[in-house]
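Before any comments, here is the structure.
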Amino acid sequence: MQQDYKPKNIETVAQTYWNEKLTFHAKDQSEKPKYYCLSMFPYPSGKLHMGHVRNYTIGDVLSRYHRMKGFNVMQPMGWDAFGLPAENAALANNVPPAAWTYSNIDAMRTQLQSLGLGVDWSRELTTCKPDYYRWEQWLFTRLFKNGLIYKKTSSVNWDPVDHTVLANEQVIDGRGWRSGALVEKRDIPMYFMRITQYAEELLADLNQLEGWPEQVKTMQRNWIGKSEGVRFAFPYQLDGKSDKLWVYTTRADTIMGVTFVAVAAEHPLATRAAQGNPVLAAFIEECKHGGVAEADIATMEKKGMDTGLKVTHPLTGEEVPVWIGNYVLMSYGEGAVMAVPAHDERDFGFARKYGLPIKQVIAKDRQDGLVDGSEYGAGTVSGAGSEDGGGTGGGIDTPFTNEQWQEWYGSKAVGVCINSGKYDGLGYTSAVDAIAADLAVKDMGEKKVQFRLRDWGISRQRYWGCPIPIIHCVHCGDVPVPDEQLPVVLPENVTITGAGSPLAKMPEFYETTCPQCGGVAKRETDTMDTFVESSWYYARYTSPGCTTGMVDERAQYWLPVDQYVGGIEHAILHLLYARFFNKLMRDAGLFGETAVASTSQGEGEQAQQRKSVNEPFANLLTQGMVIAPTFFRDGAAGKKIWINPAEVDIETDSRGRPVGAKLRADGQPVIIGGTEKMSKSKNNGVDPQLIIDQYGADTARFFIIFAAPPEQTLEWSDAGVEGAFRFLRRVWNFAYSNKSEIDVYLNRSKQASDEYYLKAINLEQREIYREMHVVLKQANFDLQRLHFNTVASACMKILKALEQLIAIDTPGM
RNA sequence: GCCGGGAUGGCGGAAUUGGUAGACGCGCCGGACUCAAAAUCCGGUGCUGGAAACAGUGUGAGGGUUCGAGUCCCUCUCCCGGCACCA
């Protein structure tokens with residue numbers, strides 16, 4: 001009667017077939033249009049998790065879909081193999097990071113292959129191997145020579161007990177994760193990539209990325225943070241010399257309301273003021289405690305101390321006190337900020353705390369909030385500047401007060417200047433113009449465009465990363481390693497102690513000679529940020545085995561990536577760095593002719609696209625998380641004991657609502673927690689391997705692709721998996737029972753039966769993917785609108801229709 | 001703190017421009033078939049009250065605009081992602 005659906009057999013046969021026939025090998029030339037589909041490569045943690053399965057299934061569906069549509073598809077896979085976890089594992093298990101990483105890669109490759117992805121494994125790359133990172137070192141030396149990489153000091157988290165630099169992740173509540181010691185900020189020399197030189201282009205080109213989600217582009221725009229403001233100076237006399245304290249503001253219209261300036265603890269003025277002032281020196285010392293992470297700095301208590309120094313207001317000539325503020329960052333802008341307590345919420349709080357004066361210089365002129373400051377010209381506003389700041393337009397009147405912050409105090413849109421002498425009555429734009437002009441006349445400042453984006457510090461005081469190809473010579477300074485000496489190979493047999501980099505303790509690594517003068521020299525022992533490797537892997541996939549450069553001419557055929565798929569958590573850093581690297585590689589001439597200035601739309605644009613690659617990823621799909629319910633019991637000392645959902649039976653009432661849950665092992669109740677991201681800590685992960693073993697990869701993939709739109713959160717559901725399995729089984733059984741010749745095939749030979757299976761698989765996949773095809777077509781190929789329910793019901797309808805047919809065509813791909 | 005998202009039944013989620021909230025699916029309940037179960041099929045299912053007809057109520061909270069708000073405006077709460085050394 002009906003043959004059982006045995007996914008393991010079917011999938012093994014299919015995967016073997018694909019491997020033998022090299023089905024998914026991408027050709028570097030083709031009559032067909034190319035489609036480069038890339039899913040973000042995994043960090044080889046050791047085990048596949050559901051997020052990986054989702055990521056690669058989405059990419060695979062898109063790949064197979066385009067394959068069926070007649071594209072020359074390339075879907076590669078590789079390993080983001082450098083990074084901190086390998087060093088942690090080395091500490092915990094006493095295994096060298098390299099050995100740990102390579103064995104993880106082997107395990108995960110096996111798992112990935114059991115998923116049956118249409119991946120071209122001949123392009124596999126591993127970033128911790130010299131054949132990959134040597135080209136990164138090559139690019140480093142080029143960038144160093146042309147000034148796009150430079151050296152400066154920067155703050156890191158220093159663990160004073162373990163004598164080691166800590167990652168932000170390793171700083172917990174201001175203390176080292178292993179030692180528990182209070183972390184300090186320490187300034188050390190590092191290499192920086194001049195990403196700010198590309199800030200304007202990185203910002204402008206976002207507008208070309210029509211295939212990117214708007215929210216990602218918005219985040220990148222805000223991150224780059226182009227602002228138009230005024231850079232100006234507070235002059236001062238100190239130690240018999242005249243000098244200027246520079247600050248930058250986007251609210252020059254409030255300059256007349258400055259009542260103090262705040263400088264970073266590391267600012268030269270702070271250092272000077274602390275001389276002979278032990279209290280101030282102690283405060284500066286206190287400011288050094290804690291980590292360097294911005295989120296921590298921004299949320300900590302705002303503290304400050306008067307330096308006793310005074311600077312002069314450039315327009316009023318009044319004396320302005322200089323304070324040290326723990327919230328002012330030396331690495332941002334000038335390391336000093338003007339403070340206008342009346343019109344900045346943070347300054348307001350600071351002034352209230354320390355009893356500093358608050359001077360209102362902006363009045364809310366209108367209530368409707370529609371007024372753009374630019375509409376105001378000098379003298380066009382009458383009656384502005386009333387002392388209470390209340391609007392004249394009725395509605396809720398919120399007069400200015402020194403007691404409580406009001407949002408409108410800080411709004412550019414609603415205010416006009418008051419208490420500002422000649423600037424009274426001006427709106428935002430005209431006030432800024434007038435003030436900037438007056439500052440310029442005095443040579444005390446000018447308008448300036450500034451970016452929030454900072455240069456990218458790439459030095460890491462870590463072992464498991466790509467060595468920075470620099471040799472330090474006492475005579476010649478920092479000398480880049482010559483091409484013929486590349487790669488600088490990272491030694492793989494080391495012992496990790498958790499206290500500093502092993503490279504710094506290996507004379508056989510760092511002792512060398514200067515390539516320029518031949519004298520005794522020392523090799524750099526810092527390694528590069530692992531984001532460097534992930535910034536160009538997409539390009540390397542186009543040129544596997546290339547020994548002549550980062551990429552060869554094949555890159556011009558495949559790039560840009562047509563579809564990139566990955567987590568939203570990479571919306572800023574990784575994606576911005578990869579865009580930056582793409583431009584660096586383009587300007588190094590690696591993608592053929594360099595960019596032609598964009599002229600007109602249409603034909604000219606197409607020609608330009610063939611000549612150069614301005615952006616690496618044409619379309620971006622940011623997939624959602626995989627979440628699952630959590631269960632726990634209260635253990636000793638208020639600690640929760642998390643219980644895996646697989647070990648729990650849920651009881652429901654007559655309406656199907658959960659009323660309780662019991663641990664299967666002991667029948668005793670457990671507490672139902674929230675639904676959260678699958679994680680080790682909450683013990684709510686579902687091991688993909690168990691699902692594949694029990695139901696098969698097709699069920700796992702089918703469930704995961706249809707249970708939620710790709711970019712939304714996916715709630716794991718055992719029932720949903722079961723449903724997906726039943727659906728596939730039904731398709732299978734239907735195909736089987738309608739094929740009378742099957743028995744003939746089966747009775748002939750093993751080979752023939754395999755052939756039948758393949759045909760049946762093709763039927764199954766064909767029907768499923770045909771449905772997706774239809775839906776994708778309806779959705780205008782917009783996978784983000786793809787919806788499980790719509791697709792599933794369409795599949796059901798088709799299936800029902802098929803069941804009414806007695807004979808169907810022999811399927812074939 | 002700042003930037004970007006989100007919140008609709010027991011669950012995933014529908015709802016073109018502001019026009020019958022809860023499509024479709026899961027789950028659950030009832031029925032058919034079966035010795036029984038599974039599978040399959042049929043019907044029901046926001047909540048409260050009611051045997052039912054029906055009534056009231058309902059899209060995180062509070063306000064507003066409108067003949068009409070899940071949708072637009074304001075304020076707020078909570079959750080998720082990122083914040084430059086996790087990847």
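Predicted, not measured: the structure shown is a model, and the values here were computed from it.
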Sugar-phosphate only, base, or nothing, as touched by A:Thr299 at under 4.0 Å among non-hydrogen atoms: base

Sugar-phosphate, base or nothing in reach of A:Ile297, heavy atoms under 4.0 Å: nothing

Short side-chain N/O contact to B:rA87 OP1/OP2 from A:Thr530, under 4.0 Å: yes

For atom CZ of A:Phe348 and atom C1' of B:rG1, their distance in whole Å: 17 Å

A:Arg454 CZ - B:rC3 C1' separation (whole Å): 14 Å

Side-chain donor or acceptor of A:Lys185 paired with backbone N/O of A:Cys287 under 3.5 Å: yes

4.5 Å side-chain heavy-atom contact, A:Lys151 and A:Phe192: no

Between B:rC86 (C1') and A:Glu87 (CD): distance, integer Å: 13 Å

A:Tyr577 and A:Asp529 side chains, donor-acceptor separation under 3.5 Å: no

Distance flag, aromatic centroids of A:Phe41 and A:Tyr537, threshold under 6.0 Å: yes

A:Glu301 CD to B:rG1 P, straight-line distance once rounded to whole Å: 15 Å

Salt bridge present between A:Arg540 and A:Glu136 (N-O < 4.0 angstrom): no

Side chain of A:Glu169 - closest among B:rA84, B:rC86, B:rC85: B:rC86

Polar contact flag, side-chain donor to acceptor under 3.5 angstrom, A:Tyr463-A:Thr525: no

Touch class at under 4.0 angstrom, heavy-atom based, for A:Met528 against every strand present: nothing

Parallel, tilted or perpendicular, as decided by the 30° and 60° cut-offs, for the rings of A:His570 and A:His574: perpendicular

Sugar-phosphate only, base, or nothing, as touched by A:Val156 at under 4.0 Å among non-hydrogen atoms: base

Nucleotides 70-81 of chain B: protein proximity per nucleotide (B base, S sugar-phosphate only, - neither; heavy atom, under 4.0 Å): ----------SB

Between A:Thr164 and A:Asp159: side-chain donor-acceptor atoms closer than 3.5 Å: no

Distance-only polar pair, side chains of A:Ser534 and A:Asp80, donor-acceptor under 3.5 Å: no

A:Asn222 side-chain N/O to B:rC2 phosphate OP1/OP2 under 4.0 Å: no

Sugar-phosphate, base or nothing in reach of A:Tyr327, heavy atoms under 4.0 Å: nothing

Residues A:Gln170 and A:Arg178: side-chain donor-acceptor under 3.5 angstrom: no

Selected nucleotide, minimal atom distance to A:Gln215 side chain, candidates B:rA87, B:rG4, B:rC85: B:rG4

Distance in angstrom units between A:Leu206 CG and B:rG4 P, rounded: 14 Å

Residue-level proximity of residues 456-466 of chain A to RNA chain B when a heavy atom falls under 4.0 Å: A:Gly457, A:Ser459, A:Arg460, A:Gln461, A:Arg462

Touch class at under 4.0 angstrom, heavy-atom based, for A:Leu166 against every strand present: base

Rounded C1' spacing from B:rG68 to B:rA52 in Å: 32 Å

Ring geometry between A:His343 and A:Tyr409 (parallel below 30°, tilted from 30 to 60°, perpendicular above 60°): perpendicular

Residue mapping more 5' on RNA chain B - nearest nucleotide basis, A:Leu453 or A:Phe531: A:Leu453

Atom pair distance, as rounded to whole Å: OH in A:Tyr577 and P in B:rC83: 10 Å

Sugar-phosphate only, base, or nothing, as touched by A:Arg221 at under 4.0 Å among non-hydrogen atoms: nothing

Whichever of A:Arg452 and A:Lys302 has its nearest RNA chain B nucleotide further upstream toward 5': A:Lys302

Sugar-phosphate only, base, or nothing, as touched by A:Val165 at under 4.0 Å among non-hydrogen atoms: base

Gap between atoms NZ and P, on A:Lys185 and B:rA84 respectively (whole Å): 13 Å

Pair A:Ile149-A:Arg194, side-chain contact (heavy atoms from CB on, under 4.5 Å): steps then yes or no: CA-CA 6 Å; A:Ile149 289 178; A:Arg194 225 180 273 281; over 6 Å; no

Sugar-phosphate only, base, or nothing, as touched by A:Ala571 at under 4.0 Å among non-hydrogen atoms: nothing

Secondary-structure string, 5' to 3', Watson-Crick or G-U under 3.5 Å, | for another-strand partners, for RNA chain B: (((((((..(((......[....)))((((((.......))))))((((....))))..(((((..]....))))))))))))....

Gap between atoms CG and P, on A:Leu329 and B:rG1 respectively (whole Å): 17 Å

A:Tyr132 and A:Trp536 aromatic ring geometry - parallel, tilted or perpendicular at 30°/60° bounds: parallel

Sugar-phosphate only, base, or nothing, as touched by A:Glu294 at under 4.0 Å among non-hydrogen atoms: base

